[in-house]
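In each ligand, atom 1 is the first atom listed, and ligand 1 is the first ligand listed. Excluded from the calculations below are hydrogen atoms, water molecules and symmetry mates; all remaining heavy atoms, backbone and side chain alike, are included. Note that the structure is a prediction, hence the values are computed from the model and not measured.
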Amino acid sequence: MAISVENGVFYLETAHTLYQMKVDSFGILNHLWYGAKTDCCMDYLLDYPDVGFAGNLYEAGNRRTYSLNTLPLEYAAGGAGDYRVPAVSVTHADGSSALDLRFREYQIRKGKYGIPGLPAVYADEDEAETLEIILQDALSAVEISLLYGVLPRADVITRAVLVRNNGDSGITINRAHSLCMDIPYGEWEWVHFHGRHVMERQMERASLIHGIQESSSTRGTSSHQQNPAVLLCEKDCTETNGFCMGAVFMYSGGFLTQIERDQLDQVRVVMGLNPDTFAWKLDSGECFYAPEVILSCSEHGMGELSRRFHHVIRHHVCRGEYKLSERPVLINNWEATYFAFDEEKIERIAEQAAELGIDMMVLDDGWFGKRDDDISGLGDWFVNETKLPGGLGGLIGRINGMGMKFGLWFEPEMVSEDSELYREHPDWALRIPGRNPVRGRYQLVLDMSRAEVVEYLYQVMSRILRENHIEYVKWDMNRSICDWYTAELPADRQAEVPHRYVLGLYELLERLTEEFPHVLFEGCSGGGGRFDAGMLYYCPQIWCSDNTDAHDRTLIQYGTSFFYPASTMGSHVSAVPNHQTGRVTTLQTRGTVAMAGSFGYELDLNRLSAEEKAEVACQVKAYKAHQELIHNGLYYRLSNPWEDNMSAWAFVSQEQTKVLVQGVVFRAAANVLRLRLRLAGLKADAVYRSSQDGQTYTGRALMSGGILLPKLKGDDAAFEICLEEKSFANAKVNFAI
Ligand code: GLA
């Protein structure tokens, strides 16, 4: 049993971790532990200090030491004597806002709970167990279900929250976070992933100040600026040593992660819907589900933590036919042509791509409506016959005739003011009556909280997918959202629109992915502006960034790798000088970096020299040979590109018999020793043969002494070394250690 209860203590056990909570004599649910297995109840760590100005529970009488303000709480409510950042807060019908949550009952079920209308980790009946703990407000009939999904083999625990209003009058939920975690001891640092358009998920590690630090989005999407994932680690934690825990919010809209270090140096982490863009009216008898948070922890550093998240995202978040199967190597015309293409240009790119072994031609923005730039056309999902006189069918037929699959770009959630859709339904765009809407990339946002908008998009898109042989959809979303208002809801429910938007988006994605299981959906939002576990439930890969510069991509992919597996990262080779940075890198470097993901090209191959074309053909072949290892292997970060002069990583097969080491050395230097790179994740006693020099090395040597990299020339030079286990008897071992 992964979940057990003894003397009011809940034990949630996975292969290597333990989560504990305890109901105390007042019915308060205390958080006791999340970490390594300890084989005992951890309530001896509870302390009851007498802290000035800490409120005391009324029933505790004159016991000044019993305070919700100092105890580690499993789910902290506002207004009842705990002054730290709350996980939940509501306004009752009488205007008051206290919630005094006491334990009522629990239930343990086989399998993993689901969440209606929202993405959630899924698992077979025998792979997971669910614990539901019901807390109830002492006065009102507000009830909170804490849902825990335990996936023992994956070393993952999920959390979600269900708020029920069993009272006679309505309440407003102002905050209903999915995660609340109190950690009384330790010296902690946090790692978060900030960024901007064309520079997403930049890793930042910082110690905790007293007070609240946070990362968040109010943009209606998870955003380029902050990612809804956070890592908390002990001060001495490295890639391979030390304790750390991570939390990923499985949601694609606004979010808030707050970490408070309190007066006693205790740490509280809360994560969930961003209260700045969320409130929900809950009428009598109604209930509300807060989206899920995925948790994991490791005693052996951030590398192991990342691999646990990679596993759960790949096996229990991503779905569909492409979840584990090989992805097509694709060529996308965006950076090759932007809006300036016609049938002939696309066919020429496809022809060349087919010759070099590429599997799929993706037609990006500009194929529809009046769309010669980004000012018009969004919403008009019918073919632009000036560019494609033979229609989609004609083009697809010819591309299929070349032996290539065909994929198509959409930006379903948007509308241009200069479009037929907008002229017909101006009220479908989000805008506040009497105010001018904010434009982003000239465009407005469709009101996805409205059922008829979702239905319309479903009809238009499903028709195109039904009538044409389309095997891939790039689902783009190119602005941040504001002007939250819908004509469909009364004034006191307008604060629900941002979350209802995301529910509408998920509904559309669910219907389309279910109806078209053979189509590979790739998420995108100006690159990686909506790179989150929510989108990955529908789209097993997401365009990682509009920045295709190989140097910058090593930093972006490094940050992304902390939670998201390589298979989820769309990454392409593009032309040089790079369109975003002007940097020139070799084709080899661009290929090596793009291969550490779901691979493709984004340039006009006809402009390459014969040698370059031959190199592309080799890259495609190499990727196809390595894809299984890259997608299903274990990922090891071998350097920190923010501190070291290189970005290096390795994919190690599950059986530890095959290794692909890749990387880029940033700055060239004259007259220096060859660089040495320590590997990780190998079998210490095994013997591996290196593709670099044909020599054999013990795993122990490779992990302690490392491997010498080839001599490289020029800045941003890439290297790639394959290692394969050889039987000891036949091997010529290098006893260099
Ligand atoms: C976004 C995407 C790009 C491309 C353009 C098209 O920026 O990230 O890849 O599809 O839109 O307008």
Side-chain angles (χ1 to χ4, degrees), residues 195-201 219-225 227 252 330-341 345-346 349 360-381 384 387 406-416 418-419 439-446 461 470 472-481 520-532 535 539 541-550 552-553 556-557 560 568-575 578-581 590 594 597-604:
R196 57 188 187 276
H197 177 226
V198 299
M199 211 59 200
E200 299 88 336
R201 290 172 297 288
R219 294 168 180 270
T221 62
S222 44
S223 89
H224 299 85
Q225 287 72 14
N227 195 262
S252 310
L330 58 88
I331 176 135
N332 178 304
N333 73 302
W334 179 241
E335 286 200 21
T337 66
Y338 295 102
F339 293 105
F341 63 83
K345 257 197 196 172
I346 299 299
I349 294 174
M360 180 188 281
M361 176 77 224
V362 174
L363 182 57
D364 210 277
D365 195 353
W367 61 268
F368 52 90
K370 184 180 118 196
R371 187 76 172 164
D372 296 320
D373 49 37
D374 44 11
I375 295 184
S376 61
L378 289 172
D380 292 345
W381 303 111
N384 177 320
K387 291 184 192 173
F406 180 82
L408 195 60
W409 180 96
F410 286 92
E411 196 178 351
E413 301 150 69
M414 296 293 147
V415 66
S416 306
D418 184 1
S419 69
R439 293 192 184 113
R441 204 197 189 194
Y442 313 106
Q443 61 208 44
L444 303 185
V445 186
L446 288 174
M461 292 181 74
I470 293 169
Y472 160 108
V473 164
K474 179 172 170 186
W475 188 297
D476 212 339
M477 197 291 184
N478 282 318
R479 57 161 289 181
S480 301
I481 314 176
L520 168 61
F521 285 78
E522 174 158 355
C524 178
S525 175
R530 202 161 58 182
F531 204 116
D532 56 67
M535 286 308 285
C539 309
Q541 64 190 57
I542 296 177
W543 181 223
C544 202
S545 177
D546 273 348
N547 188 340
T548 54
D549 172 77
D552 283 359
R553 267 300 184 111
I556 296 167
Q557 292 174 194
T560 309
T568 64
M569 299 184 213
S571 44
H572 299 168
V573 171
S574 62
N578 179 267
H579 293 193
Q580 293 80 41
T581 61
R590 284 173 276 153
S598 279
F599 187 57
Y601 290 82
E602 184 138 348
L603 75 173
D604 187 350

Original post:
Do any N or O atoms from the side chain of Asn333 and from the backbone of Asp364 form a donor-acceptor pair under 3.5 angstrom?
Top reply: yes

Original post:
What residues come within 4.0 Å of ligand 1, counting heavy atoms only?
Top reply: Trp334, Asp364, Asp365, Trp409, Arg441, Lys474, Asp476, Asn478, Cys524, Gly526, Gly527, Trp543, Asp546

**OP:** Keeping the roles fixed (side chain from Arg553, backbone from Ser545), state whether a donor-acceptor pair exists under 3.5 Å.
**Re:** yes

Subject >> Main-chain N/O of Gly526 paired with His224 side-chain donor or acceptor, under 3.5 Å >> reply: yes

Original post:
Going by the angle between their ring planes, with limits at 30° and 60°, are Trp367 and Phe410 parallel, tilted or perpendicular?
Top reply: perpendicular

**OP:** Taking salt bridge (charged side-chain N to carboxylate O under 4.0 Å, His left out) as the test, write out the residues that go with Asp372, two or more places apart.
**Re:** Lys387

Original post:
Do Asn547 and Asp549 have side-chain N/O donor and acceptor atoms under 3.5 Å apart?
Top reply: no

